[in-house]
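Both backbone and side-chain heavy atoms feed into the values below; hydrogens, waters and symmetry mates do not.
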Amino acid sequence: MKLSARNVLKGKVKKVVAGAVNSEIVIELPGGAEMTSIITKASAENLKLKEGSEVYAIVKASNVMIGID
């Protein structure tokens, strides 16, 4: 797999919440941090995502905001 995205994070699917149109995918990263992605239900089904599946969270954005208190 080759991608132009610089932020590729390997993890495991912790939870899949299927909705009528979209699915919420919670990915557990090494060290215990979690990321959540909303993808179409059809994409989740095509990828055969289920708890325990090894996946890559791929972040491609021209703007990433950073905040502080």
Check your understanding: In this structure, are over 12 heavy atoms from other groups packed under 6.0 Å from M65 atom CE?
Key -> no
Study note, to complete from the structure: residues 7-26 vs side-chain hydrogen bond (donor to acceptor under 3.5 Å, both in side chains), sequence neighbours excluded, gives K14-E34
Exercise for review: If you link ILVMFWY side chains whenever their heavy atoms are less than 4.5 Å apart, which other residues fall into the same cluster as V26? By chain and number, please.
Suggested key: none
Practice item. Is it possible for you to say whether V13 and M35 belong to one hydrophobic cluster, with membership spreading through side-chain heavy-atom contacts below 4.5 Å? Key: yes
Revision key, fill the gap. In terms of heavy-atom contacts, A44 and I25 come closest through CB-CD1, 4.3 Å
**Study point:** Co-membership, hydrophobic cluster, residues I38 and V59, 4.5 Å side-chain
**Key:** no
Review point. Distance from I68 atom CD1 to I66 atom CD1, nearest 0.5 Å?
Key: 10.0 Å
Review point. Going from CD1 on I39 to CG on L49, what distance comes out if it is rounded to the nearest 0.5 angstrom?
Key: 5.0 Å
Taking only distance into account, with no hydrogens and no angle test, what donor-acceptor pairs under 3.5 Å do side-chain atoms of residues 50-57 form with protein atoms, sequence neighbours excluded?
from : atom 1 : to  : atom 2 : distance (Å)
S53  : OG     : K50 : N      : 3.2
S53  : OG     : K50 : O      : 2.9

Point to revise | Transitive ILVMFWY side-chain link I58 to V16, under 4.5 Å | key: no
Point to revise | All pairs passing side-chain hydrogen bond (donor to acceptor under 3.5 Å, both in side chains) where residues 37-49 contributes a residue, at least two apart | key: T40-S43
